[in-house]
Amino acid sequence: MSEPTSQSEAQFVAELTACQLPLTLYIRSLLPGDGAAGDVAQQTNAKIWEKRDEFDPGTNFKAWAFAIARYEVLNYRKQQARDARFVFSQELEQTIASEIENTDDFEERQEALRLCLQELRPRDRELLVSRYASSATLSEYAEVVGRSAGGLKVTLHRLRTALLECMKRRLSKWGTA
Amino acid sequence: MKNTELRQLIDAALEGQISEADFLRLEAELSVDPEARQEYYDRILLTQLLAAEADEKAGEQPAVTPTSRTRVALRHWRWAFAGMASVCAALLAFMVLQRPDTPLIPGQSQVAEADLGTDSEREQESSGYAIVSGQVDPIWADETSLTQGSMVPPGELHLQSGVAQFELFSGVTLVVEGEARFSILSPMEVLVTQGKVRARVPEPAQGFRVLTDAGEVVDLGTEFAVDVNADGSEVHVLDGEIDWHPRGLPAQRLEQGDATRLAGGVEVPIAANSAQFVGPEELQQRLKSRTETRISRWEATTGELARDPELIAHYQMSSSQRRLQNLAEATLEPASEGAVVAAAPAADRWGRSAQALDFSPAGSRVRVHVPGEYQNLTMVCWVKINSLDRWYNSLFLTDGHELGEPHWQIMDDGRLFFSVKKYDPPFKEGMRDKHIFYSPKFWNTSLSGRWLMLATVYDGTQKQVTHYLNGSILSREEIPDEYLVDTIHIGDASLCNWGLPSRNQPRFAIRNLNGSLDEFMLFSEPLSEQKIQELYNLGKP
């Protein structure tokens, strides 16, 4: 095997790095609310790396990586041997794949979100972020922070919506700037 | 759909708290509306961002209710999100740690490739709106065959007698008493043309409707029943409230304890009577006592079978001890006891815990030794398959593959496979080592998690091999003369796996069954079709 830092591998790493956001977004979109989506993303990265010799540098890296991601998602579902209740239809999954694959403003959108997050009141930001630092279910988490599950659900929902509205305002400003 | 509603659905989905009905609504909305999808992506982007922020924070202070699971998950996320530099660094580290020449198990990687070929091309599908979740003495008309766990087919169902319970995908539980004619139109709509139907509707299925000739019931979160017969129709509210839309009359709201009877265009209020309809609890009670009766009947049968001199091996997979007694007592050459390896305790086909074995953990098997030579063989097992995700999914195989040795397994496409090796190489022109007797495809994912009785009969006298599913013939094939084996040997063998890795060769193909087994029987005679049918009828849960 060649040195890991050889030029073609450095190129490969750069491609893989550049598509981390759409790749994880894609995997999360196919596994909504599944705590293991992150593990599947990591497994996908490992598989992409393992198959790097099969990648033809002249072709579309993203499409190639997405095909592997899709396979890893199917494989994960199969391992879970779960029913297909919370799986989107094949048509929708294909639409999602092609949309995410062919959109390149996700970085920008996430950057806008990051800025908006800084604008939130500190305790609201704290609440949102802490929620993601916990693997507890919403009701378990509500108990920990001493609030009712219903009330907490509403607050979190309102905060997320506010953040997304803020993001859209920013994006439209950037667009017109 | 309004934006606020859409956002709530997305958040519920991303919190892992969505009901099935809502998930279907979300899917429908995402399928048709690009803006809805953008909203979906944005909310996931936000989730990712927050998860990354949370991860950074986790390094600074203890998170709320940290668990080891979160920690691991967060670590995984860290390198995907901590920016380009660390991603590169992590990848490089990964490259150094995991050189690509790390050996892979050959069987496994082949399986993976094979899967990529089929699964990425077509997604598996099933159809229906409900499953059968319990039945007592059901008689279905028109050769409808519905068993516990069956997906309910579309169209009108005619229950001539007995009681059946259904679980609709919306969460509604339906108990139907025969004689009844009804159709499940969707997870949220049922049409009743005759009979008694009791519905228990959970919160996520509010708005569930029952349509009858006399009118329509719209549920508002409750339990209610309808009784439709030639003399008229009754609606009883057993809990909560409903909206009742009688045909040609004004709609009314009925509350718990209310009931109404509509006959000949005249409506009369009556008192609700819960006792008139079988409810889910009562059905469960009936099922339980039935199961107990069936278990004791099978125990008696087991005792009789033990005295059958043709029974060589009979294992029941109760896993408290890791040794399975061979229950066959009358044969001159009984098989050994079974030694359990890796397989985990599981519920058996009657639902009793730790009375079956789950062979999905890697390396799982039951080791047995079967002495003797046989001209005929019958193998019977009760099996619950999760999925057929290997090329070969083992049922009963001899170690290695020597002359005269049988192999019994299931192909990844759902066909039963049985063979007895006839020749060693070199082969004559056009010949192979053995003839493989395949059944037609009998399994698909709609059977996942269901207990099935599989049987295969090798009849060396009549020269035929017959495969059975649940007591009925799947296929029967003549044994070609040139492949007929009249002395079958078994020797050392495994249930639900194949072969042992040898010294210096630790690699092995993944062939353990992804599923559970609760019973295995081996007979030295070719059981007749009637006998197999009888074993199924006596042994079915």
Side-chain angles (χ1 to χ4, degrees), chain A residues 1 4-5 13 16-17 20 24-25 28-29 32-35 38-39 41-42 45-46 49-50 53 67 70-71 74-75 78 81 84-86 88-92 95-96 99-100 106 109-110 113-114 117 128-136 138 140-141 144-145 156-157 160-161 163-164 167, chain B residues 7-8 11 13-18 20 23 27 30-31 37 39-51 53-54 57-58 63-67 69-70 73-74 76-77 80 84 87-88 91-92 94-96 98-101 112 115-116 119-120 123-124 126 169 386-387 389 448 514:
Chain A
M1 180 192 139
T5 46
V13 170
L16 181 52
T17 308
Q20 281 304 299
T24 46
L25 175 60
R28 288 217 147 195
S29 299
D34 192 323
D39 295 342
Q42 198 199 27
N45 276 321
W49 182 250
E50 192 182 301
D53 291 338
R70 171 153 175 76
Y71 170 64
L74 291 175
N75 199 29
K78 195 182 278 181
R85 285 182 306 174
F86 297 106
F88 290 134
S89 71
Q90 197 177 2
E91 295 82 60
L92 179 55
T95 309
I96 288 174
E99 266 178 3
I100 297 181
F106 291 123
R109 295 180 94 85
Q110 202 173 50
L113 272 176
R114 198 190 314 276
L117 189 59
L128 268 175
V129 171
S130 313
R131 173 73 191 102
Y132 285 90
S134 162
S135 71
L138 187 73
E140 288 165 358
Y141 181 72
V144 170
V145 296
L156 287 170
H157 180 70
R160 290 187 197 119
T161 302
L163 276 172
L164 291 173
M167 175 200 76
Chain B
R7 287 167 176 169
Q8 275 162 6
D11 272 4
L14 296 182
E15 282 274 3
Q17 300 232 321
I18 195 163
E20 207 169 308
F23 187 83
E27 178 182 12
L30 293 179
S31 298
R37 289 196 295 275
E39 188 76 34
Y40 181 60
Y41 303 144
D42 284 343
R43 291 209 164 224
I44 295 175
L45 280 178
L46 178 60
T47 306
Q48 295 189 175
L49 179 69
L50 290 170
E53 294 274 332
K57 255 199 150 46
V64 184
T65 64
T67 66
R69 188 160 60 88
T70 343
L74 288 176
H76 289 165
W77 277 107
M84 199 168 189
V87 171
C88 287
L91 275 172
L92 288 171
F94 179 76
M95 285 154 50
V96 174
Q98 287 247 321
R99 304 295 286 222
D101 44 1
D115 285 350
L116 187 58
D119 276 13
S120 52
E123 187 170 21
Q124 295 177 336
S126 191
F169 295 152
N386 298 331
S387 77
D389 46 8
S448 178
N514 183 358

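FYI, side chains are in, hydrogens and waters are out, and symmetry mates aren't considered; it's all heavy atoms of this structure. Quick note on labels: first sequence line is chain A, next is B, and so on, each numbered from 1.
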Between the CG atom in A/Leu128 and the CD atom in B/Glu53, the distance rounded to the nearest 0.5 Å is 10.5 Å
Counting heavy-atom pairs under 4.5 angstrom with chain A, the leader among B/Glu20, B/Gln17, B/Glu39 is B/Glu20
Heavy-atom closest pair (A/Met167 atom, B/Asp42 atom, distance to 0.1 Å) is CE-OD2, 3.2 Å
Bottom line for B/Arg37: the part with an atom under 4.5 Å from chain A's heavy atoms is side chain
dist A/His157:NE2 -> B/Glu15:CD (nearest 0.5 Å) comes out at 11.5 Å
Cut-off 4.5 Å, heavy atoms of chain B, and the answer for A/Leu113 is both
Here the gap from A/Leu163 atom CG to B/Leu50 atom CG, rounded to the nearest 0.5 Å, amounts to 7.0 Å
Highest number of heavy-atom pairs under 4.5 Å with chain A among B/Thr47, B/Leu30, B/Ile18 belongs to B/Thr47
Whatever's closer than 4.5 Å to a heavy atom in chain A on B/Glu27 counts as both
A/Gln110 (side chain) donor-acceptor with B/Leu45 (main chain) under 3.5 angstrom
yes
Sequence neighbours excluded, the answer for salt bridge (Lys or Arg N to Asp or Glu O under 4.0 Å) partners of B/Asp11 is A/Arg160, B/Arg43
Sorted by chain and residue number, the side chain to side chain contact (heavy atoms under 4.5 Å, CB included) partners of A/Ser29 (sequence neighbours excluded) come out as A/Leu25, A/Ile96, A/Ile100, B/Tyr40, B/Tyr41, B/Ile44
